[in-house]
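The structure under discussion is supplied below as structure tokens; questions concerning it will follow.
We number each residue from 1, following the sequence as shown. Heavy atoms only: backbone and side chains are in, while hydrogens, waters and symmetry mates are out. The model shown is predicted, which means the values in this text are computed figures rather than measured ones.
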Amino acid sequence: MKLVVAAAVALALAAPASAAPKLSQSDRAQITRAIDVFVNHAVKRSDTVAAYDVVAPELRPGISRREWAGGDIPVYPFPARGLTHPWNILYVTREEVGLELQLIPRAHSDVGPIIFHIYLRPAHGRWLVDSFMPVATLAPLDAKKTKVRSIRDFAPQAAGGVALGNSGPGQLSSLYLILPVALIGGALLGLACWGVTRALRNRKLQGPGSGSLPPLPRSGA
């Protein structure tokens, strides 16, 4: 019996771990088609209704086909160049794939390329886009200086919000945090000095022994 158990344990340890799911050629083709339809119509804002069927309900919550056709859709707009758009895999699970997608703007555009993360999930034999967000922007192709902006540049402090510990434009300097503390500390110290001075002054006016009770009178003989 012990030999059987030991053999079973050895086989379990020797068995390879379950491999991560991989995309088949059919999956890759369907994903490419879904992304091209999504970019060419929803992202470019060209006949947006044509992208309605490749978008998951999470990306169009409560939006009807007619409303989607109007063009007011929750998709980042971009004047992408070309009709097909290559992508790279970030991760693959059984429920979702995460991809990196770099879109190049059309010629003579005043914007630079943008790197997006796009997420798709399988649904009834198709792949649907359920999330699409920019993660980095590049300077225009004809710009003299190249600048990369990441997703952190879209944070509130980059838009004029408050960032502690910095003193750049639109940010709160640490001086504004130290100043109130110093004022409060100075006020407390002043009150303490005033109390000590007043106590010493009262003791001086009253003279020595002023805090003790007077002696009892002597009784008559």
### Query
Are Asp27 and Lys22 within salt-bridge range, i.e. N to O under 4.0 Å?
no
### Task
Look at the rings of Tyr91 and Tyr119 and say which category their plane angle falls in: under 30° parallel, 30 to 60° tilted, over 60° perpendicular.
tilted
### Task
Look only at the side chain of Glu96 and the backbone of Thr93, and say whether a donor-acceptor pair between them is shorter than 3.5 Å.
no
### Check: Ile73 and Glu67 side chains under 4.5 Å, non-hydrogen atoms
no
### Query
side chain to side chain donor-acceptor pair (under 3.5 Å) with Asn40: which residues, sequence neighbours excluded?
Lys44, His85
## Note on the structure
So CZ of Arg45 and CG of Asp72: to nearest 0.5 Å the spacing works out to 8.0 Å
### Message
Rounded at 0.5 Å granularity, tell me how far CG in Leu103 sits from CD1 in Ile114.
### Response
7.5 Å
### Query
Taking side chain as C-beta onward, heavy atoms only, is Leu99 less than 4.5 Å from Ile31?
yes
### Task
Check step by step if side chain to side chain contact (heavy atoms under 4.5 Å, CB included) holds for Val55 and His41.
CA-CA 11 Å; Val55 175; His41 297 286; over 6 Å; no
#### Entry: Test log, rule side chain to side chain contact (heavy atoms under 4.5 Å, CB included), inputs Leu90 and His117
CA-CA 9 Å; Leu90 297 174; His117 283 177; 3.6 Å; yes
### Message
Could you go through Val75 and Phe38, starting from their C-alpha distance and side-chain angles, then the distance that decides it, and tell me whether this counts as side chain to side chain contact (heavy atoms under 4.5 Å, CB included)?
### Response
CA-CA 10 Å; Val75 175; Phe38 178 78; 3.6 Å; yes
### Message
Under the criterion ring pair (Phe, Tyr, Trp, His ring centres under 6.0 Å), I'd like the reasoning laid out for Tyr76 against Phe132: C-alpha separation, chi angles, the key distance, then a yes or no.
### Response
CA-CA 8 Å; Tyr76 193 101; Phe132 178 71; 7.2 Å; no
### Message
Nearest 0.5 angstrom please: Tyr52 OH to Leu59 CG, how far?
### Response
11.0 Å
### Message
Using 0.5 Å steps for rounding, measure from the CD1 atom of Ile89 to the CG atom of Leu23.
### Response
4.5 Å
#### Entry: Heavy atoms of other groups near Arg33 CZ, more than 12 under 6.0 Å
no
### Task
Evaluate the side chain to side chain contact (heavy atoms under 4.5 Å, CB included) criterion for residues Gln102 and Leu138: first the C-alpha distance (whole Å), next the side-chain angles of each, then the deciding distance (0.1 Å), finally the verdict.
CA-CA 10 Å; Gln102 180 174 337; Leu138 305 175; 4.1 Å; yes
## Note on the structure
So salt bridge (Lys or Arg N to Asp or Glu O under 4.0 Å) across residues 54-63, not counting sequence neighbours, yields Glu58-Arg121
### Distance (rounded to the nearest 0.5 Å) between Phe116 CZ and Ile35 CD1
12.0 Å
### Message
Within a 6.0 Å radius of atom CZ on Arg65, are there more than 12 heavy atoms belonging to other residues, nucleotides or ligands?
### Response
yes
